[in-house]
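Accompanying notes for the structure given below.
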Amino acid sequence: MREWTCREDLHKDKMGYTKEQLLARLQELQIDFTKHEHPVVLTVEAQAKHVGHLNGALSKNLFLKDKKHRFYVVSAMAKTNVDLKVLSQRLGLGKGGLRMAPEEALGEVLQVPLGCVTPFALVNESARCVSLLLDQGFKTQECCFFHPLSNDTTIALNARGLDKFLSSLGKQPVYVDLEANPPVGKDQPPDLASLVPSDAIAIPGQPDKAAPSQVSDMNHAPVNNKSTGVSAKAVKPSTDVRKEKLSNAVSLSNSFADPEKYVEDFIERTSSLVLSEITEENVKQYGEKLGEVISNTIRKKLATELKSTATMFKNTAYSEGFSAGTRQQAKRL
């Protein structure tokens, strides 16, 4: 059997498994499961409205990467507190070694959309080099709930069924106490170091975009590691570029912390843009159509900024469920 090489084979499996194909595979493996269809859900709370009354454990799933472009799926019970800094140290990556994988990697590696991260994504060959860490709490549950590559459906199966599925992929199931915080030091090596993937995965043509919300939690910190191809070397950005991007990220992060200031700044920028378009020349040129022209101009100039801000809000909300600390936050899938 040929050894799997992530860098070489990432794009040979462009068409990932569909929900129907995955369910058919589970049936072929004679794995018992029950299927529950529901509207699309993006949070554990929303999923619980449809299956929470059933006897079983809801799961939250996180797609992570380290600085060497190695990927991880952490699948935990909804009530498990996952501290990324601690987990990163236990893997031997240092306190800041883990962050949320860029959204592009969801499609390129796991081949699922946002909100559909699941252990079952490892069925795709592009994800075979992804390390999977399962909450040991799943083993004590009568059944566990996961999305089968699509968040409009939930399937319930027990840990034995999940183990059988992973074994069919050549993956040894690894269950971890995700709330443990063992000391790591000179005489106490990281207890999970063996779970670090041996291969990195390059995402051709995709910049490594990370949301600034990861600075204070177990998700994305502002980074600018770029990979332009399978065999291309990452080009380190200039100091000025890094400083500018960090400044922008901090500015946006501060805006999130002060919504009133963000709204005031946005209204001020919009007002300035409107006033800059109301000139004597434009009035003469466009006449009664000036309002439509200004509307189109504002739409074009603000679209990029609004899309970027909306994406950061989305990533912030997505990552909050995995934030370490004592605050009570919404759990994410």
Side-chain angles (χ1 to χ4, degrees), residues 1 3-4 6 9-10 12-38 41 44 47 51 54-64 71-78 80 82 101 105-113 115-178 192 194-195 197-199 201 333:
M1 180 180 295
E3 181 180 357
W4 175 265
C6 293
D9 297 329
L10 178 59
K12 289 186 178 180
D13 185 33
K14 288 301 291 183
M15 296 299 293
Y17 267 62
T18 65
K19 174 179 66 176
E20 291 73 20
Q21 290 172 327
L22 172 65
L23 297 180
R25 177 159 184 157
L26 294 178
Q27 290 175 336
E28 291 173 2
L29 293 170
Q30 297 183 339
I31 295 174
D32 293 329
F33 68 92
T34 56
K35 182 177 71 170
H36 308 277
E37 296 182 341
H38 49 70
V41 295
V44 174
Q47 184 187 30
V51 298
L54 303 174
N55 187 23
L58 292 166
S59 65
K60 56 183 179 182
N61 299 276
L62 191 60
F63 187 37
L64 307 170
F71 291 85
Y72 310 76
V73 168
V74 176
S75 186
M77 291 177 58
T80 298
V82 181
L106 282 170
E108 292 285 351
V109 181
L110 295 187
Q111 300 197 39
V112 297
C116 299
V117 177
T118 167
F120 293 108
L122 271 64
V123 71
N124 294 313
E125 288 194 347
S126 55
R128 297 294 172 86
C129 290
V130 175
S131 181
L132 174 63
L133 283 69
L134 297 166
D135 192 332
Q136 68 176 16
F138 287 138
K139 300 182 73 173
T140 65
Q141 301 299 310
E142 182 177 335
C143 69
C144 311
F145 296 119
F146 300 97
H147 288 315
L149 308 179
S150 176
N151 54 358
D152 62 357
T153 304
T154 295
I155 61 173
L157 76 170
N158 57 34
R160 293 187 302 278
L162 180 59
D163 292 350
K164 188 174 182 180
F165 167 76
L166 293 172
S167 296
S168 75
L169 305 177
K171 280 278 187 181
Q172 178 67 35
V174 177
Y175 290 89
V176 177
D177 181 356
L178 293 172
L192 303 180
S194 62
L195 302 182
S198 58
D199 291 313
I201 300 178
L333 293 176

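This is a predicted model, so every value here is computed, not measured.
- A 4.5 Å side-chain heavy-atom check between Tyr72 and Pro197 finds at least one atom pair inside the cut-off.
- The heavy-atom pair separating Pro119 from Leu134 by the smallest distance is CG-CD2, 4.2 Å.
- Donor-acceptor pairing under 3.5 Å is recorded for the side chains of Glu142 and Asn55.
- Distance CD1/Ile31 to CG/Leu23: 11.0 Å, rounded to 0.5 Å.
- Minimum interatomic distance between His147 and Gln47 (heavy atoms only, all atoms of both residues): CE1-NE2, 3.5 Å.
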| request: Evaluate the ring-ring contact (aromatic ring centres under 6.0 Å, His included) criterion for residues Phe146 and Phe138: first the C-alpha distance (whole Å), next the side-chain angles of each, then the deciding distance (0.1 Å), finally the verdict. | output: CA-CA 11 Å; Phe146 300 97; Phe138 287 138; 5.4 Å; yes
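- From Leu162, atom CG reaches atom OG of Ser167 across 9.0 Å, with rounding to the nearest 0.5 Å.
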| request: Give the intermediate values and the outcome of side chain to side chain contact (heavy atoms under 4.5 Å, CB included) for residues Leu62 and Val82. | output: CA-CA 10 Å; Leu62 191 60; Val82 181; 5.6 Å; no
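- Taken from CG in Leu29 to CG in Leu169, the straight-line distance is 8.5 Å, to the nearest 0.5 Å.
- Contact of the Val123 side chain with the Phe165 side chain is registered, since non-hydrogen atoms from C-beta on lie closer than 4.5 Å.
- For NZ of Lys139, the number of neighbouring non-hydrogen atoms (other residues, nucleotides, ligands) closer than 6.0 Å is 12 at most.
- Annotation: the span from Ile155 atom CD1 to Asp32 atom CG amounts to 12.0 Å, rounded to 0.5 Å.
- Side-chain contact check for Phe120 versus Leu26: some heavy-atom pair is nearer than 4.5 Å.
- Side-chain atoms of Ser150 do not come within 3.5 Å of backbone N or O of Thr153 as any donor-acceptor pair.
- A donor-acceptor contact closer than 3.5 angstrom is absent between the side chains of Asn124 and Ser126.
- Between Leu58 and Val51 there is a side-chain heavy-atom pair separated by less than 4.5 Å.
- In terms of modelled atom types and a separation under 3.5 Å, the side chain of Ser59 and the main chain of Phe145 share a donor-acceptor contact.
- Separation of atoms SG (Cys144) and CG (Asn158) is listed at 7.5 Å; rounding is to 0.5 Å.
- For Arg25 (side chain) and Glu20 (main-chain N/O), no donor-acceptor pair under 3.5 Å exists by modelled atom type.
- Residues Gln21 and Leu149 form no side-chain contact, since every pair of their non-hydrogen atoms from C-beta on lies 4.5 Å or further apart.
- Atom OG1 of residue Thr154 and atom CG of residue Leu54 lie 9.5 Å apart, to the nearest 0.5 angstrom.
- Remark: side-chain polar atoms of Lys171 are paired, donor with acceptor, to backbone N or O of Arg128 under 3.5 angstrom.
- When all heavy atoms are compared, the tightest approach of Phe33 to Gln27 is CE2-CG, 3.9 Å.
- The two atoms that bring Thr80 and Lys60 nearest to each other are O-NZ, 2.5 Å, heavy atoms only.
- Residues Glu37 and Lys35 share a closest heavy-atom pair of OE2-NZ, 3.6 Å.
- Residues Ala78 and Val44 approach most closely at CB-CG1, 3.8 Å, considering heavy atoms.
- Within 6.0 Å of atom CG in Asp152, more than 12 heavy atoms from other residues, nucleotides or ligands are found, so the atom counts as buried in its surroundings.
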| task | Given side chain to side chain contact (heavy atoms under 4.5 Å, CB included), test Phe63 with Val112 step by step and report yes or no. | result | CA-CA 11 Å; Phe63 187 37; Val112 297; over 6 Å; no
